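Data block below; observations after.
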Amino acid sequence: MKLKNLKGDIMNGANYLGKKMNEPDAKKAYEYAEGIINTVREPLIVLDGKLKVISASRSFYNVFKTKPEEVEGKFIYEIGKKQWDIPELRELLEKVLPGKSAFNDFEVEHDFVGVGRKIMLLNAREINGDKPKMILLAIEDITEQKRDKVEAIMAKEYSESLVNTMREPLIVLDKDLRVTSANSAFYSIFKVNEKETRHQLIYDLGNGQWDIPELKNLLEKVLPEKKLIIDFEVEHTFPDIGRKIMLLNARQLDHVPLILLAIEDITQRINAEKGLEKSEEKLKMIADNISDVLLFYDKDHNLVYANSAIEKLTGYSVPEITRFKSKDKFIIYLHPDDNERIKSTWDEFVSGKKSETKNIEFRIVTKDKKTKWISSSISHGQSKGENKNQTGIYVVYHDITQKRESEEKIKDQLEQLKELDTAKTDFMNVVSHELKTPLTAIYANLELLEEIKSNFSEKNINNLNALRRNSNQLKFLIDNILEIARIQSNKFELNISEVDLGKCIEFIVNEMKILADRKKVKLILEENSSIKISTDKTRLIEIMNNLIDNAIKFTDKGEVKVNVTKKDENNVLIEVTDTGIGIPKDKQSKLFEKFYQIHNPLKSEVGGTGLGLSITKQMVELLGGEINFKSKLDEGSTFYFTLPIRYIKEVKK
């Protein structure tokens, strides 16, 4: 018996008993009816004529999460914090029911706090007897049914949309192999429409175009036994669209007598593969005519392909290399000292731990016992074998024996040059010290001559002044040579302390203004940030003196500007800009070399040793900075360098 009928019978029986039985029997009947009601799984409530709850079934309390004391005797619209004050329920109880005395399947949808949204069918009936009027209200929860129905509709729409968005053609056949449906890709690719396709025998489609022996065999013999066919290849010429190579995937559905047939057009792919095979043949011809060795190994270290260059390089034939098996040696031609290193690298690469291309150098020993150096690159790839594509690695060998021999010669020559440079530095150091001794005597005699020069003739005074200038120039040269020697022999010491950069630069500029005024050149401190840095103040002054002195020396008119700014959080930037003669482009690359001068010192009025900028560059770098310049001929130059705000000891090394 259906639940709805059971409820109706209970209500009708209660109504009848209420009318016909005397009070004790009626009471027993009501108790009996109530017992039956409480066994029903669906919620039921009993209302009086004023719509107050007389009683409710256990399922009502369970489903709507409430208790008898919260319900019984309460006005129905007020129970559950007025959750039952539902417009549709009011309409049923106050308008529909009084006119009909019974009502079935009145649908109500409502959100209950703590329970959630419910869709209910309400069945109501008035019970009239000698007692006051009562109303039985049965509630059938159809929320899940509705949801299942909606989900089924959505699932159907989704599956239809999914099928129609598939790029591959798909058709559905019934048990008689007639088309029940097809997707848009099928109609588009095979140039047919829905009207001439649906309900047609598949073999009759497109004027018999699908009457293909392989397809008949698939659908009538193979599929009935297997129920699932994957990648069944069919090749056929269609009058309207030409020759097609297709992969057919067919499945018999278990619970519905239908067959799904998916068609993948692989014509282009097969043609591309054939074209690729031809290209590979051409590439093989090319590979056999290049000097570099090309190899392909599978993941088990087996040599799959080698071009002819391998035999020219090693002297071993491909069969000799392929057949070689040894526990001690990885490849027949590997040098023993490089064997373990190359095998380890190889295993790591093949295992997939390394994915990027790797370049390595190693030695080989040829069949006639000659040692050669090889530069090799290894990368992952695929190669088409007899049956399918193989995953492995590509290896390229390039003979760098001559390059390595040249590098060794250059290395030896560099060592010799280094020794010569050290000897030169030592010689400069010794000579400079030796020159200082007679120079000291010359200065002592110059002081004596200065005391009695009032007795000299004008000519002798001029000679004395010339002697003084040349002695100073010689001292300057010796000091520079000693400075270079100390730097190069790592005997150069720094005295690092905190320096107020702004005040230090201001002092230097003021001191150098005397020199600028003599040449009638303006020396301007344009921007000067007051920053405290840790550096060697003496060496900083020496660097600035060199740069400002050079700027003034090569500026006949105009100005020299000095700028001090904070480059970033860790560095300061100092610039010395002049409007002088500038530096020719062809001279700029050698500007910081020792003894290099732009102008011939014998012909130039400026003079100099050619050591100032070299010393300046090395001192800037020892202080942890970098120096550079920019210049235009006849427009001027800017020399700029950075220094760290905090000196780091490791910089000196």
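Please read these numbers as outputs of a predicted model, since none were measured by experiment.
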What closest approach, in Å, do Asp292 and Asn307 show between heavy atoms, and which atom pair accounts for it? O-ND2, 3.0 Å

Side-chain contact test, heavy atoms from C-beta onward, threshold under 4.5 Å: evaluate it for Val53 versus Val46 and give yes or no. no

Quick check: Tyr305 with Tyr394 (ring centres under 6.0 Å apart)? no

Distance check, rounded to the nearest 0.5 Å: Glu264 atom CD versus Glu233 atom CD? 10.5 Å

Heavy-atom neighbours of Glu94 CD exceed 12 at 6.0 Å: yes

Checking Thr642 side chain against Gly625 main chain: does a donor-acceptor pair fall under 3.5 Å? no

Exam field: side chain Arg251 to backbone Leu228, donor-acceptor pair closer than 3.5 Å: no

Evaluate the side chain to side chain contact (heavy atoms under 4.5 Å, CB included) criterion for residues Leu215 and Leu261: first the C-alpha distance (whole Å), next the side-chain angles of each, then the deciding distance (0.1 Å), finally the verdict. CA-CA 11 Å; Leu215 180 61; Leu261 181 63; 4.2 Å; yes

Should Phe75 and Leu51 count as side-chain neighbours, where that means a heavy-atom distance under 4.5 Å? yes

Glu235 bridged to Lys244 by N-O distance under 4.0 Å: no

Are Leu303 and Ile321 close enough, and set up right, to give a side chain to side chain contact (heavy atoms under 4.5 Å, CB included), and what steps lead you there? CA-CA 8 Å; Leu303 182 61; Ile321 298 169; 4.1 Å; yes

Can you confirm whether Leu122 sits close enough to Leu89 that some side-chain heavy atom of one is under 4.5 Å from a side-chain heavy atom of the other? yes

Rounded to the nearest 0.5 Å, what's the gap from CG on Asp265 to CD1 on Ile245? Could you check? 8.5 Å

Would Asn302 and Tyr297 satisfy side chain to side chain contact (heavy atoms under 4.5 Å, CB included), going step by step from the backbone distance to the final call? CA-CA 5 Å; Asn302 299 313; Tyr297 284 86; 5.9 Å; no

Out of Thr143, Asp111, Asp141, which one pairs with Lys118 under the side-chain hydrogen bond (donor to acceptor under 3.5 Å, both in side chains) rule? Asp141

Can you find a pair of side-chain heavy atoms, one from Gln145 and one from Leu121, that are under 4.5 Å apart? no

What is the distance from atom NZ of Lys74 to atom NZ of Lys82, rounded to the nearest 0.5 Å? 12.0 Å

Set out, in order, the CA-CA distance, both residues' side-chain angles and the distance that settles side chain to side chain contact (heavy atoms under 4.5 Å, CB included) for Glu72 and Ser55, then state yes or no. CA-CA 6 Å; Glu72 291 178 6; Ser55 65; 4.3 Å; yes

Distance (rounded to the nearest 0.5 Å) between Leu47 CG and Lys52 NZ: 12.0 Å

Which atom pair, heavy atoms only, marks the closest approach of Asn571 to Asp568? N-OD1, 2.9 Å

In terms of heavy-atom contacts, does CD of Glu498 have more than 12 from other residues, nucleotides or ligands at under 6.0 Å? yes

Any donor-acceptor N/O pair, Asn183 side chain to Glu168 backbone, under 3.5 Å: yes

From OG (Ser59) to CD (Glu42), nearest 0.5 Å: 7.0 Å

Indicate the atoms forming the closest heavy-atom contact of Pro169 with Phe186, along with that distance. CB-CA, 3.6 Å

Give me the atom names and distance for the closest heavy-atom approach of Asn193 to Thr197. O-OG1, 2.7 Å

Test item: Ile263 and Leu170 side chains (from C-beta on) under 4.5 Å apart, heavy atoms: no

I want to check something: taking the side chain as every heavy atom from C-beta on, are Ile360 and Ile342 in contact at a cut-off of under 4.5 Å? yes

Whether Arg117 engages the ring of Phe112 as a cation-pi pair (distance to the six-membered ring centre under 6.0 angstrom, angle to the ring normal within 45°) should be assessed. no

Indicate yes or no: at least one non-hydrogen side-chain atom of Ser376 is less than 4.5 angstrom from one of Val395. yes

Is any NZ, NE, NH1 or NH2 atom of the basic residue among Lys216 and Glu220 found under 4.0 Å from an Asp or Glu carboxylate oxygen of the other? no

If you measure from NZ on Lys566 to OG on Ser530, what distance do you get to the nearest 0.5 Å? 11.5 Å

Verify, without hydrogens or angle tests, whether Ser188 (side chain) and Ser184 (backbone) share a donor-acceptor contact under 3.5 angstrom. no

Spell out, as yes or no, whether a donor-acceptor pair under 3.5 Å connects the side chain of Arg198 to the backbone of Thr180. yes

Closest non-hydrogen atom pair, Ile645 against Glu569: CD1-O, 3.4 Å

Closest contact, heavy atoms only, Pro43 versus Phe60: CB-CA, 3.6 Å

Is the shortest heavy-atom distance from the side chain of Val179 to the side chain of Asp174 under 4.5 Å? no

